[in-house]
Amino acid sequence: MALLLQQIDETNRRDHWYLDESDDCHYLYEYTAGKGRQGGETNQLIHNLQKKRNDGGYHYKAPAIARCARDLSAVLNAEWLAQATIVPIPPSKVKTDPAYDDRMVQICRGICAPAPADVRELIEQIASTDTFKGGNRKAPAELKQNYRIAESHLQNLRGIVGIFDDVLTTGSHFKAKGDVLGARAKDASDRSLRRQASDSKPVWRGFD
């Protein structure tokens, strides 16, 4: 069956309660909550994608990353990709943490397009936190306090900023990142970021 991007709209937005109708969010897969890896093919894919280094079956992680990149390559419009800067949402652990996981960076960099995708780690996490999977579901205002802009990646952004994540739950990470980018854009001396002030929304948001 052909893969299709699906949009978060009035029929399913209530499941992601921090989102509102101004948010342009799409998803590729349907995750069945509460079923774990027994919940179907997508659940197994996400289970493998989120494996930690010392987990059993860690060797399934790389194929899961490759599949996600391949499936995104199949559904993302080449014209959109040529106009977009792709921003992976950072993981719960900072780069100096032994548990740091760059799966979203790898997925985004694995997207194939006629012209190379512009992938930038534009938002950084300041300190490691617990995962949402562990039940620590913070509100956007709290998440924002632990984010900062990577100033070295600001120059010459493309006309669209797309925020990419693996699983969409409450929508709080999306909201927090959009707010951080929007606030920075208001004060930006770099015109390429200022141009994004009302456009920092993705054509694809995450797996669900």
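We use all heavy atoms of the structure for the numbers below, so side chains are in, but hydrogens, waters and symmetry mates are not. What you see is a predicted model, and the numbers here were worked out from it, not measured in a lab.
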- Please name the residue in the list Ile111, Val105, Ile160, Asp118 that meets the side chain to side chain contact (heavy atoms under 4.5 Å, CB included) test with Ile86.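 In the set Ile111, Val105, Ile160, Asp118, the residue that makes a side chain to side chain contact (heavy atoms under 4.5 Å, CB included) with Ile86 is Ile111.
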
Would you call [X] and [Y] a salt bridge, taking side-chain N to carboxylate O under 4.0 Å as the test?
X: Lys175; Y: Asp20; value: yes
X: Arg67; Y: Asp71; value: yes
X: Lys61; Y: Asp101; value: yes

Less than 4.5 Å apart, any side-chain heavy atom of [X] and any of [Y]?
X: Arg13; Y: Glu10; value: yes
X: Ile8; Y: Asp23; value: no
X: Lys177; Y: Val180; value: no
X: Gln83; Y: Arg158; value: no

- Message: Main chain of Val94, side chain of Asp97: is a donor-acceptor contact present, judged purely on distance under 3.5 Å?
- Response: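 Flag not set: sc Asp97 to bb Val94 has no pair under 3.5 Å.
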
- Query: So, Gln38 versus Asn43: side-chain donor-acceptor pair below 3.5 Å or not?
  - Reply: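 Gln38 vs Asn43: no donor-acceptor pair found between side chains.
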
- Message: Gln50 vs Val167, test: side-chain contact (heavy atoms from CB on, under 4.5 Å). Steps then yes/no.
- Response: CA-CA 10 Å; Gln50 296 183 342; Val167 176; 3.7 Å; yes

- CG/Asn54: more than 12 non-hydrogen atoms of other groups inside 6.0 Å: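 For Asn54, atom CG is not crowded (no more than 12 foreign heavy atoms under 6.0 Å).
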
- Task: May I ask you to check whether over 12 heavy atoms, not counting those of Tyr60, lie within 6.0 Å of atom OH?
- Result: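 Not buried by this count: 12 neighbours or fewer within 6.0 Å.
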
- Message: Working to the nearest 0.5 angstrom, can you tell me the gap between Asp102 CG and Ile107 CD1?
- Response: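 Going from CG on Asp102 over to CD1 on Ile107, the span is 10.0 Å.
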
